Amino acid sequence: MKRQLIKHVLQRDDIGSTVEVAGWIRTRRDSKGGFSFLEMNDGSSFDGLQVIADGSLPNYQSEIQQLHIGAAASVVGELVESPGAGQRIELRATEIVVHGWADPESYPLQKKRISFERLRELAHLRPRTNTFGAVARIRNALAASTHRFFQDRDFLYLHTPIITGSDAEGAGDMFRVTTFDPASPPRTEDHQVDYSQDFFGRPTFLTVSGQLEAETYASALSNVYTFGPTFRSENSNTRRHLAEFWMIEPEMAFADNHDNADLAEEYLRYLFRGLLDDHSRDLDFFNQWVDEGLIDRLTSVADREFERITYGEAIDVLQKAETQFDFPVQWGSDLQSEHERYLTEAAFGRPVIVTDYPFDIKAFYMRRNDDHTTVAALDVLVPGVGEIIGGSQREERLEVLADSLERKGLDAADYWWYADLRRFGSVPHAGFGLGFERLVQFSTGMQNIRDVIAFPRTPHNAEF
RNA sequence: UCCGGGGUAGCUCAAUUGGCAGAGCACCGGACUGUUAAUCCGUAGGUUGUGGGUUCGAGUCCCACCCCCGGAGCCA
């Protein structure tokens with residue numbers, strides 16, 4: 001007999017059929033009537049299947065009554081209507097095979113609520129909990145929807161390199177990649193580390209962004225997107241930062257920053273509509289136990305247009321605000337977290353796309369506006385999470401790019417191939433980067449980013 | 001990295017001006033004729049994050065370090 005996933009069994013109505021399921025025991029409740037209830041979950045859905053284990057089963061006393069949370073078992077049984085409240089159907093077992101025991105004395109997961117902090121120390125077991133099972137399914141759904149969204153619009157999925165030779169991508173501190181023995185690397189005559197003898201014959205690092213590479217393929221295949229891991233070695237200790245995270249970076253040729261904003265908004269609203277339509281059971285759980293306003297917020301984001309303002313307009317709004325900010329609001333300085341939060345939570349109560357930031361506070365590759373002081377940048381701010389997308393139209397004019405590199409203190413020689421895109425068949429193009437974990441945070445209401453990725457990498461944390 | 005809070009039983013937390021380290025849950029044993037995150041009774045459970053120091057006596061006070069959480073910065 002072929003084992004069925006519980007998500008499918010729960011939808012069946014062919015009462016009397018024989019089915020086989022397998023999974024992990026969540027709880028056993030013994031009835032006074034000489035039989036037991038087993039709640040079994042295989043991760044295929046939020047809800048588990050209730051199994052009725054009658055006292056007449058041959059291994060009832062020897063095994064079934066020893067089952068506890070965490071044990072793995074498979075069950076063959078008859079699908080019956082459940083006389084109890086709380087479930088439509090249940091499985092009356094004819095055979096129960098225990099595959100793996102879980103000693104209740106030492107098994108760390110309990111039937112009661114366990115703090116997320118504690119579960120981070122149990123990252124190998126936490127997917128067996130309600131919350132982390134639901135996070136994993138939502139994360140998967142968002143990944144699948146992402147590919148569907150871009151594939152349906154003829155974006156080409158591009159794999160950009162994880163290891164990069166560029167130490168000047170300008171998006172943050174980088175992890176070095178080397179095969180050298182750290183205790184005794186080869187040295188040059190003047191005692192510098194001799195990277196010409198390293199694996200790649202030059203210093204290499206883990207990527208902080210696939211954008212520059214993505215631009216090269218957009219400059220040939222029109223619309224592309226990346227979806228891969230990204231690494232930042234900043235000593236960030238917040239609930240919004242990881243050292244290793246996943247980023248989605250679409251890049252469009254023959255597109256300006258308005259097209260960019262349109263794409264960002266359409267993409268996000270598509271994702272949330274999909275979750276609301278197809279993953280309501282998991283969302284209901286988060287709405288009840290994690291974040292009461294979650295479903296209302298996702299619905300409103302999916303249904304309403306985003307607010308779009310320029311940086312200059314944002315400064316005006318903030319300067320007229322009643323709120324007392326810790327940091328002063330003035331044109332030319334970057335928006336602080338408290339400012340972003342005010343805009344998206346208090347002022348507008350929905351996602352806000354802020355565009356056209358001052359040149360001086362943004363990256364070299366962003367396209368200079370005609371006012372010569374701002375660039376065609378774009379940040380998408382969402383309530384609770386803050387910046388979820390950052391992007392821009394790219395500078396496609398060679399002379400302006402060269403000027404920007406110089407003004408940012410960067411060496412144009414390091415960007416020779418990037419500049420070549422502007423020498424040969426240059427086109428207006430634009431794109432953005434979306435932090436996938438921040439998207440999962442927003443979609444689940446989970447407060448800490450370490451709880452929306454399977455094995456979080458943060459300073460002092462790489463146990464698993 | 002900076003600021004603030006914290007680390008006590010397997011888990012979540014108490015412990016008064018420094019004075020015999022407790023409770024709930026989980027587990028185990030028993031009770032209860034279908035239960036559904038905490039039904040009742042009972043047993044057991046500890047080098048109070050680590051290392052020093054003050055004191056007759058330290059979970060509590062002092063010093064150093066480690067780790068966790070929240071906020072800030074960096075950003076996605």
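Predicted model only: the values in this text are computed from it and were never measured.
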TODO: Answer yes when A:R297 and A:D291 have at least one side-chain N-carboxylate O distance shorter than 4.0 Å, and no when they do not.
DONE: yes
- [ ] Test A:R308 against A:E265 for salt bridge (charged side-chain N to carboxylate O under 4.0 Å, His left out), laying out the working first.
- [x] CA-CA 10 Å; A:R308 298 192 191 190; A:E265 175 167 348; 3.0 Å; yes
Task: Exercise: do A:H429 and A:E215 side chains pair donor with acceptor under 3.5 Å - done: yes
Task: Selection from B:G70, B:C67, B:G73 that lies nearest to any side-chain heavy atom of A:R450 - done: B:G70
- [ ] Give none if B:U1 has no partner; otherwise give the nucleotide forming a Watson-Crick or G-U wobble pair with it, both distances under 3.5 Å.
- [x] B:A72
Task: Sidechain N-carboxylate O distance under 4.0 Å for A:E307, A:R350 - done: yes
TODO: Check every atom of B:U35, B:C28, B:A72 against the side chain of A:N237 and return the nucleotide holding the closest atom.
DONE: B:A72
- [ ] Indicate yes or no: does A:K362 engage A:D379 in a salt bridge with an N to O separation below 4.0 Å.
- [x] yes
- [ ] Looking at every strand, decide which applies to A:F436 at a 4.0 Å heavy-atom threshold: base, sugar-phosphate, or nothing.
- [x] nothing
TODO: May I ask you to check whether A:R28 and A:Q66 show a side-chain donor-acceptor distance below 3.5 Å?
DONE: no
- [ ] Remember a base hit wins even if backbone is also touched, and classify A:G84 as base, sugar-phosphate or nothing at under 4.0 Å, heavy atoms.
- [x] base
Open item on the list: Heavy atoms from C-beta onward define the side chain here; which of B:U35, B:A72, B:A76 lies closest to that of A:F245?
Closed with: B:A76
TODO: Tell me which nucleotide among B:G73, B:C75, B:A72 gets nearest to the side chain of A:R341.
DONE: B:A72
Open item on the list: Under 4.0 Å, counting only non-hydrogen atoms across every strand here, what does A:Q50 touch: a base, just sugar-phosphate, or nothing?
Closed with: base
- [ ] Looking at every strand, decide which applies to A:R118 at a 4.0 Å heavy-atom threshold: base, sugar-phosphate, or nothing.
- [x] sugar-phosphate
TODO: Taking only the side-chain heavy atoms of A:E117 (C-beta and beyond), determine which of B:C75, B:A72, B:C69 contains the nearest atom.
DONE: B:C69
- [ ] May I ask you to say what A:I388 touches in the nucleic acid, namely base, sugar-phosphate or nothing, with a heavy-atom cut-off under 4.0 Å?
- [x] sugar-phosphate
TODO: With the side chain of A:R240 defined as its heavy atoms from C-beta on, choose the nearest nucleotide among B:A72, B:U35, B:A76.
DONE: B:A72
Task: A:H68 side-chain N/O to B:C28 phosphate OP1/OP2 under 4.0 Å - done: yes
Open item on the list: So, does A:S115 get its side chain near the phosphate of B:U12, meaning an N or O under 4.0 Å from OP1 or OP2?
Closed with: yes
Task: Sugar-phosphate, base or nothing in reach of A:Q211, heavy atoms under 4.0 Å - done: nothing
TODO: Pick base, sugar-phosphate or nothing for A:I389, based on heavy-atom distances below 4.0 Å to the nucleic acid.
DONE: sugar-phosphate
Task: Closest to side chain of A:Q87, choosing from B:U35, B:C69, B:A76 - done: B:U35
Task: Nucleotide nearest A:L242 (side chain, heavy atoms from C-beta), chosen from B:A76, B:U1, B:C75 - done: B:A76
Open item on the list: Of the options B:C75, B:C69, B:A72, whose atoms approach the side-chain atoms of A:R120 most closely?
Closed with: B:C69
Task: Length of the CE-C1' vector between A:M247 and B:C75, whole Å - done: 10 Å
- [ ] Just compare B:U35, B:C67, B:A76 and give me whichever is closest to any side-chain atom of A:S82.
- [x] B:U35
